[in-house]
Amino acid sequence: MSNEKQKTGSVLVVGGGIGGMQAASDLSEAGFRVYLVEEGPAIGGRMSQLDKTFPTNDCAMCIMGPRLVEVGNSLNIKLLTNSEITRVEGYPGNFKVEVLRHPRYVNEERCTGCGTCTEACLTRNRPYFEAVEPPVRLDPKDEERVTGIINTYQAKKEYLLAILQDVQAEYNYLPEDVLRYIANRLNLPVSSAYSLATYYTAFSLTPKGRHIINICLGTACHVRGVDRIVERLERDLSISCGETTQDLAFTLEGVRCLGCCSLSPVMTINGKTYGNLTQDGASKIIERIWKEDQ
Amino acid sequence: MKIQGIDDLKRIREDGRKKLLPPEGKIVVGMATCGLATGSGDVFSALCEEREKQGLKMIVGKTGCLGFCQVEPTVEVRTSQGERNIYQAMTPEKVASLVAELTSGNMPSKGLLGRITEDGQTEIGFYSKQNRLVSANCGLIDPEGIEEYIATGGYAALYSVISGMTPEQVIEEIRVSGLRGRGGGGFPTGRKWETTRQAPGEPRYVICNADEGDPGAYMDRSLLEGNPHSVLEGMIIGAYAIGSSEGYVYVRNEYPLAVKNVNIAVEQARGYGLLGRDIMGSGFDFDVKVVRGGGAFVCGEETALIASIEGKIGEPRPKYIFPAEKGLWDRPTNLNNVETWANVPLIIEKGADWYTKIGTKNSKGTKIFSLVGKINNTGLIEVPMGITLREIIFDIGGGIPNKRKFKAVQTGGPSGGCITEKHLDLPVDFDELTKVGSMMGSGGMIVMDDRTCMVDMARYFMGFLKEESCGKCVPCREGVVRIYEILSDICAGKGKPADIELLGELSAVIKKAALCGLGNTAPNPILSTIRYFQDEYEAHIKDKKCPAGVCKELTTFTINAEACTGCMLCAKHCPTEAIAGEKKKPHIIDQVKCIKCGVCFDSCKFNAVEIR
């Protein structure tokens, strides 16, 4: 027990960007021993690449310079560049962190930073490559399905949205490896596929139920009391709106207007529209579908 | 067959007439989404079956939506002369007797809603004050058959444009007609076309905005489902005028039938050479692609829509440079709403002079509204600009159900505002609605009675916009959420006296500082409800009461012992067993167990459940 409470009194800051440097110098001022771990060969981060900063148009170096010096001079800060964290264990207040320091091939104690070595270096102009993502492999059945969809759109980047829509319809969700595979095939970063997948409500990154209940939350439905019906379905299915039941039978989703306002309140289940709902009526429809499933 | 000239068009028109008005007569079923939702699919198959069984000669066909959604599913019996008998609320069970009477040569009177004569006269009250021009063919023609559209005069406007008008003349005609964008902004269409035409850069694009996200409006869906060719014809004429050879239709994916019908229409138009290379032998090329939306409200905003077509996330950009100059792929792009495009063939066919005679000084033509909410006759109505709200709500809409009192009508969707009884005689057009703090929007009209809480309404719209804000600019992303929180507090009885003032302040900032139309208009629902219903806000904040009995935390359900007959219906329906009582004796609601779901209120046949 007593061991659990023991605090080491030192702090590890991950990343030597402007935020990391500021945190490190604040902490060292407060009397902590600080380890500042940075993946790159030098601290400074993104800000060292900037000219001016928003919103005051201050020069980036003028903001960053004093912090560089402070971190470098402070005896309380141990700087670990070219390093990465491989393991963290322990509990708040007493962590043990394993740091892998990559070799620099330069004796840091004796280096004065004169730069002569870079001038003499034969390969100094070698461009720095971003790590290339290894190609994603799908199992052959999936690959066939996905390739079919991609090919209907001639594997063109501008059809990414349409491709994802078809994949969503095919799989009921967007599996991660499929998303990576598509990005790969279209020569796009995964992030752009991911940003579409999370931006549009049509997509889901988790599997959806066999029966997808889309309940309309449009104005006309709201005025005619759809909220109470949603609450009722949430109680019946023991999930909240946007979730899927554990047995993957139902997904309950709210949509912004199905365009059937004259029949409000409205929901669709697997594309079939049900209008003029009441609490009991909606509940019975779900029950009927559930029974048919059994 | 490719249509090469007027003779080909005339030949197809004759073919189409035979389909539209066959000599045997025709039975058509309204099979748009709202019809299908009420079971018109079953009615259709029952009709086909009975026709076969009883040996009826009349042809059975499909059509779009007649607009009168309240009485769906509708079946129309059309005589060879073109008289239309509309039957309401059909079911598969009613089909047999209808077919039996028709087979013996009578026109059944049971279930008849009314007649529309061949020249369009009708005694049906719902249609009496309407002027159905753009939606005239919805519910008349088969949306999956281009021939029927051509039979009603379709693609004649396109022919007259490419055979005898210069692009400048077309633009001039549209400009003189005074057509304004029907999507909500009300920007003069002719001017937009002219700017796009004059902007440097090739190729130019035309886009049809069918991302109808406004909750409470569905006229674009109905047009695309019921008469997609009118939209395509408008686009082809527009492309000719602007000098474009490539177009896009951006449709919501939530409208599967609209997507299907547009795709069919595009294929058919290609088949007849109305899309593609060398349209009608004129040397003019134009083709259309259909793009499905991903379900983001903000994609109705033009720059966001363009980004979405490019396969990016649908975030708007600041409009220092309009899409007319740099739009899709940085090329001049003209974007119009579905209804705007559908107006174009009409104007060309009948002339700008004819068009300017309809409507008010600065708003010409007709507008389709979706009349929904607490109203007797819900549906899509097309009325001339300048009609009063009173005529719309009481003459066409038939007033408020259950003899409740009219409270307000919400127009313009989440960007619009509420209009009260005081302004019922206001002529409806772009400028008048803006004057009273609302807007035309895409044409949703949600009628509210005294059981609608205005604070809850404002909260609803903020909840909507909070979800739909794309998050690019801070005022909208943060401000709308803060407003939503304040309104939620007010609805939960935690409102503070200074809240109304704070809401006003926040609204002013968002209005000024937001990036796109969504943010600029986001505070409208609050500003207009505060303007007209400040007393309701104060009742929530000071008295901790919701006068309409909507806000859950501020209401209690009780049973009036004198009115209760002890039928036990409410106790049976109560999901939490909060209602206790013996048979034929007054029941009591346990307030601790009550979750205020309102089932007891809905199920009570004696009005014994009271909301306070």
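So you know, we letter chains A, B, ... as the sequences are listed, proteins then strands, and number each from 1.
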S.K.: Does any backbone or side-chain atom of B/Val291 lie under 4.5 Å from a heavy atom of chain A? Answer side chain, backbone, both or neither.
M.R.: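 Looking at B/Val291, nothing touches chain A.
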
S.K.: Name the region of B/Cys299, side chain, backbone, both or neither, that has any atom closer than 4.5 Å to a heavy atom of chain A.
M.R.: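 Side chain of B/Cys299 only, per the 4.5 Å heavy-atom cut-off to chain A.
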
S.K.: Which atoms of B/Pro575 are under 4.5 Å from chain A, going by heavy atoms: the side chain, the backbone, both sets, or neither?
M.R.: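 Just its side chain gets close to chain A.
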
S.K.: With sequence neighbours excluded, what pairs up with A/Phe250 under the ring pair (Phe, Tyr, Trp, His ring centres under 6.0 Å) test?
M.R.: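 A/His211.
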
S.K.: Output every pair passing salt bridge (Lys or Arg N to Asp or Glu O under 4.0 Å) with a member in residues 209-221 of chain A, not counting sequence neighbours, ordered by first then second residue.
M.R.: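 Sorted pair list: A/Arg210-A/Asp293.
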
S.K.: If you check both backbone and side chains, which donor-acceptor pairs between chain A and chain B fall under 3.5 Å?
M.R.:
{"from": "A/Tyr153", "atom 1": "OH", "to": "B/Arg292", "atom 2": "NH2", "distance (Å)": "3.3"}
{"from": "A/Gln165", "atom 1": "NE2", "to": "B/Arg292", "atom 2": "O", "distance (Å)": "3.4"}
{"from": "A/Gln165", "atom 1": "NE2", "to": "B/Gly293", "atom 2": "O", "distance (Å)": "2.4"}
{"from": "A/Asp166", "atom 1": "OD1", "to": "B/Arg292", "atom 2": "NH2", "distance (Å)": "3.0"}
{"from": "A/Tyr199", "atom 1": "OH", "to": "B/Gly314", "atom 2": "O", "distance (Å)": "2.5"}
{"from": "A/Tyr200", "atom 1": "OH", "to": "B/Ser308", "atom 2": "OG", "distance (Å)": "2.9"}
{"from": "A/Tyr200", "atom 1": "OH", "to": "B/Lys312", "atom 2": "O", "distance (Å)": "3.1"}
{"from": "A/Tyr200", "atom 1": "OH", "to": "B/Gly314", "atom 2": "N", "distance (Å)": "3.0"}
{"from": "A/Thr201", "atom 1": "OG1", "to": "B/Gly295", "atom 2": "O", "distance (Å)": "2.4"}
{"from": "A/Ala202", "atom 1": "N", "to": "B/Gly294", "atom 2": "O", "distance (Å)": "3.1"}
{"from": "A/Leu217", "atom 1": "O", "to": "B/Tyr460", "atom 2": "OH", "distance (Å)": "2.4"}
{"from": "A/Gly218", "atom 1": "O", "to": "B/Tyr460", "atom 2": "OH", "distance (Å)": "3.4"}
{"from": "A/Thr219", "atom 1": "N", "to": "B/Tyr460", "atom 2": "OH", "distance (Å)": "3.0"}
{"from": "A/Thr219", "atom 1": "OG1", "to": "B/Pro215", "atom 2": "O", "distance (Å)": "3.2"}
{"from": "A/His222", "atom 1": "NE2", "to": "B/Asp456", "atom 2": "OD2", "distance (Å)": "2.8"}
{"from": "A/Arg224", "atom 1": "NE", "to": "B/Gly373", "atom 2": "O", "distance (Å)": "3.1"}
{"from": "A/Arg224", "atom 1": "NH2", "to": "B/Gly373", "atom 2": "O", "distance (Å)": "2.9"}
{"from": "A/Arg228", "atom 1": "NH2", "to": "B/Val550", "atom 2": "O", "distance (Å)": "3.2"}
{"from": "A/Glu231", "atom 1": "OE1", "to": "B/Lys552", "atom 2": "NZ", "distance (Å)": "3.0"}
{"from": "A/Glu231", "atom 1": "OE2", "to": "B/Lys552", "atom 2": "NZ", "distance (Å)": "3.4"}
{"from": "A/Arg256", "atom 1": "O", "to": "B/Arg252", "atom 2": "NH2", "distance (Å)": "3.1"}
{"from": "A/Cys257", "atom 1": "O", "to": "B/Arg252", "atom 2": "NH1", "distance (Å)": "3.1"}
{"from": "A/Cys257", "atom 1": "O", "to": "B/Arg252", "atom 2": "NH2", "distance (Å)": "3.0"}
{"from": "A/Gly259", "atom 1": "O", "to": "B/Arg221", "atom 2": "NE", "distance (Å)": "2.7"}
{"from": "A/Gly259", "atom 1": "O", "to": "B/Arg221", "atom 2": "NH2", "distance (Å)": "2.5"}
{"from": "A/Ser262", "atom 1": "O", "to": "B/Thr378", "atom 2": "OG1", "distance (Å)": "3.4"}
{"from": "A/Gln279", "atom 1": "NE2", "to": "B/Cys597", "atom 2": "O", "distance (Å)": "2.8"}
{"from": "A/Asp280", "atom 1": "OD2", "to": "B/His573", "atom 2": "ND1", "distance (Å)": "2.5"}

S.K.: Chain B heavy atoms under 4.5 Å from A/Leu196: which part of the residue, side chain, backbone, both or neither?
M.R.: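 For A/Leu196, the contact with chain B is made by backbone and side chain together.
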
S.K.: Sort out for me which of B/Gly311, B/Gly314, B/Ala296 touches chain A most, counting heavy-atom pairs under 4.5 Å.
M.R.: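 Of the options given, most contacts go to B/Gly314.
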
S.K.: What residue in B/Ile446, B/Val550, B/Ile375 has the most heavy-atom pairs under 4.5 Å with chain A?
M.R.: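 Option with the greatest count: B/Ile446.
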
S.K.: In terms of heavy-atom pairs under 4.5 Å with chain A, which of B/Cys453, B/Cys470, B/Ala258 leads?
M.R.: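 Of B/Cys453, B/Cys470, B/Ala258, B/Cys470 has the most heavy-atom pairs under 4.5 Å with chain A.
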
S.K.: Hey, what do you get for SG (A/Cys261) to CG (B/Leu371), rounding to the nearest 0.5 Å?
M.R.: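 Those atoms lie 11.0 Å apart.
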
S.K.: Just give me the residue among B/Gly463, B/Ala217, B/Gly294 that pairs up with chain A most often, heavy atom to heavy atom, under 4.5 Å.
M.R.: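 That would be B/Gly294.
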
S.K.: Checking B/Leu380 against chain A: side chain, backbone, both or neither under 4.5 Å from a heavy atom?
M.R.: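 Interface part for B/Leu380: neither.
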
S.K.: Determine the option with the most heavy-atom pairs under 4.5 angstrom with chain A, choosing from B/Gly471, B/Pro414, B/Gly293, B/Gly444.
M.R.: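 Result: the option with the highest number of such pairs is B/Gly293.
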
S.K.: Determine the minimum heavy-atom distance between A/Gly218 and B/Pro215, stating which atoms define it.
M.R.: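 Where A/Gly218 meets B/Pro215 most closely, the heavy atoms are CA-CB, 3.6 Å.
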
S.K.: Does any backbone or side-chain atom of B/Val71 lie under 4.5 Å from a heavy atom of chain A? Answer side chain, backbone, both or neither.
M.R.: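 Answer is neither: B/Val71 stays 4.5 Å or more from chain A.
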
S.K.: If you look only at distance, which donor and acceptor atoms sit under 3.5 Å apart when one is on a side chain in residues 47-55 of chain A and the other is two or more places apart or in another chain?
M.R.:
{"from": "A/Ser48", "atom 1": "OG", "to": "A/Gly45", "atom 2": "O", "distance (Å)": "2.6"}
{"from": "A/Gln49", "atom 1": "OE1", "to": "A/Arg46", "atom 2": "NH1", "distance (Å)": "3.3"}
{"from": "A/Thr53", "atom 1": "OG1", "to": "A/Asp58", "atom 2": "O", "distance (Å)": "3.2"}

